> 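Structure provided below as structure tokens; questions to follow.
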Amino acid sequence: MESLYLLIPVSVLIVFFSIWVFVKMSDSGQFDDMVGPALRILQDDDNPEVPAQTLAEIPTEAVIKPSENPP
């Protein structure tokens, strides 16, 4: 029973700390763009130097495949 006198204030402090961290992160812009990063992974930007419109104009023989270009 005596442990409740310690655990209840500690749990209340943890809840207030969690709320403070959430408010701090939301004020810093952490949750401003929730859709952009999810859609960015779907974009095909393997070759960022060549715009997407010119890739359709380049013959398939001239395109360097990623396996031929070591990092």
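All figures in this text were calculated on a predicted structure; none of them were measured in a lab.
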> Run through the side-chain heavy atoms of Ile, Leu, Val, Met, Phe, Trp and Tyr, join any pair under 4.5 Å, and report what else lands in L42's cluster.
V35, L39, I41
> Tell me who clusters with L6, hydrophobic residues only, linked when side chains sit under 4.5 Å apart either directly or through other members.
V10, I14
> So, using ring-ring contact (aromatic ring centres under 6.0 Å, His included) as the criterion, who are the partners of F31 when residues are at least two apart?
F22
> Looking at V15, V21, L13, which hits side chain to side chain contact (heavy atoms under 4.5 Å, CB included) with F17?
V21
> Side-chain heavy atoms under 4.5 angstrom apart, residues restricted to Ile, Leu, Val, Met, Phe, Trp, Tyr: same cluster for M34 and M25?
yes
